[in-house]
Amino acid sequence: MRIVVLTGAGISAESGLRTFRAEDGLWEDHHVEDVATPQAYARDPVLVHRFYNARRSAVAAAQPNAAHRALADLAQEHDLTLVTQNVDDLHERGGSPSVIHMHGEVNRALCAACDHRWPSPMEIDVNTPCPSCGRKTARPDIVWFGEMPYHMDQISAELERADLFAAIGTSGNVYPAAGFVQLARQYNAHCVELNLDRSSVSRDFHEHITGPATKIVPDWVLGL
Ligand code: APR
């Protein structure tokens, strides 16, 4: 069976990493447009670096949970394509052999001037030089609002051949990821949503499994 799994912030919530759409509309006390857009970085790089340095240390302190580990097990049994919107490395540390990070990775840096990418130091600041061009234009290698997600051609191709598509812990508010269910359906995949609550795109799924990821994901994997 060919399976595509899409994960979002909800799978890492029980590892202690906060999701994006808290009830107050803020993300770690910031408006998203103040920290997660190219305009924010141009306007106030000190704030943006401070914000992502804090995210990087929170990720380093977090541990993968039973849901991350269950998806690593799933890859042993099936032809799995694991796509995540998360910028943490908990899938990798949970044992997943291959992870497509469509929104980038907090542990990688990107040069805003020459597009060179490299493993990020724990702290980036406005004086961090690009190891390739030498300019002080390092930024986190994260896809911000208004930027193009990574690996879209590969993801679309995998969705077209999937027998089963599962979305885990994602609110369905951010496209193109929120549209993957429609694409998978169009190509006749069975579509299942695993989430704490109904999401914005719940109606597009054939099946819903509701509950905390550390419970429902291992159970779902065992039942496949
Ligand atoms: N188990 C399962 N689901 C959970 C849990 C849990 N323990 N805790 C929260 N959830 C669910 C919430 O109900 C919500 O539907 O996870 C979802 C998290 O939604 P968001 O915070 O919107 O995160 P996500 O969907 O990953 O956001 C997508 O938005 O800000 C951008 O680029 C950022 O990748 C991110 C994208």
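All ligand and atom numbering here is 1-based and tracks the order in the structure.
With ligand atoms numbered from 1 in the order given, ligand 1 contributes 23 (O), 24 (P), 26 (O) to contacts under 4.0 Å with heavy atoms of Ala9. Each of the following atoms of ligand 1 lies closer than 4.0 Å to a heavy atom of Asp197: 13 (O). Set against the non-hydrogen atoms of Gly211, the atoms of ligand 1 under 4.0 Å away are 1 (N), 2 (C). Using a 4.0 Å cut-off to heavy atoms of Glu14, the atoms of ligand 1 that qualify are 1 (N), 6 (C), 7 (N). Each of the following atoms of ligand 1 lies closer than 4.0 Å to a heavy atom of Ala213: 1 (N), 2 (C), 6 (C), 7 (N). Interface of Pro212 with ligand 1, defined as ligand atoms under 4.0 Å from a residue heavy atom, comprises 1 (N). Interface atoms of ligand 1 facing Gly8, defined by a heavy-atom separation under 4.0 Å, are 26 (O). Within ligand 1, the atoms closer than 4.0 Å to a non-hydrogen atom of His103 are 32 (O), 34 (O), 35 (C), numbered from 1 in the order shown.
In terms of N/O distances under 3.5 Å, ligand 1 is not approached by Ala13. Ligand 1 has no nitrogen or oxygen under 3.5 angstrom from a nitrogen or oxygen of Phe145. Checked against a 3.5 angstrom limit, the closest N/O atoms of Leu196 and ligand 1 fall inside it.
For the residue pair Leu6 and Met102, the shortest heavy atom distance occurs at CD1-SD, 4.2 Å.
Of the candidates Thr19, Asn195, Val217, Ile11, it is Asn195 that places a heavy atom closest to atom 14 (C) of ligand 1. Nearest-residue assignment for atom 29 (O) of ligand 1 (options Asn65, Val174, Thr84; heavy-atom criterion): Val174.
Between Phe51 and His30, the ring center distance clears the sub-6.0 Å criterion.
A salt bridge is absent between Arg69 and Asp73: the closest approach of a Lys/Arg side-chain nitrogen to an acidic carboxylate oxygen does not fall below 4.0 angstrom.
Partner of Thr84 under the side chain to side chain contact (heavy atoms under 4.5 Å, CB included) criterion, out of Val99, Ile168, Ile100: Val99 alone.
Using bins of under 30°, 30° to 60° and over 60° for the plane-to-plane angle, the ring pair Tyr41/His49 lands in the perpendicular bin.
Around CE of Met148, the count of heavy atoms belonging to other residues, nucleotides or ligands within 6.0 Å does not exceed 12. Asp153 CG: 12 or fewer foreign heavy atoms inside a 6.0 Å radius.
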Taking it one step at a time, do Val174 and Phe20 satisfy side-chain contact (heavy atoms from CB on, under 4.5 Å)? CA-CA 11 Å; Val174 175; Phe20 296 94; over 6 Å; no
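A distance-only check finds a donor-acceptor pair linking the side chain of Thr37 to the backbone of Ala40 [under 3.5 Å].
Counting heavy atoms under 4.0 Å from ligand 1, residue Gln85 touches it through both backbone and side chain.
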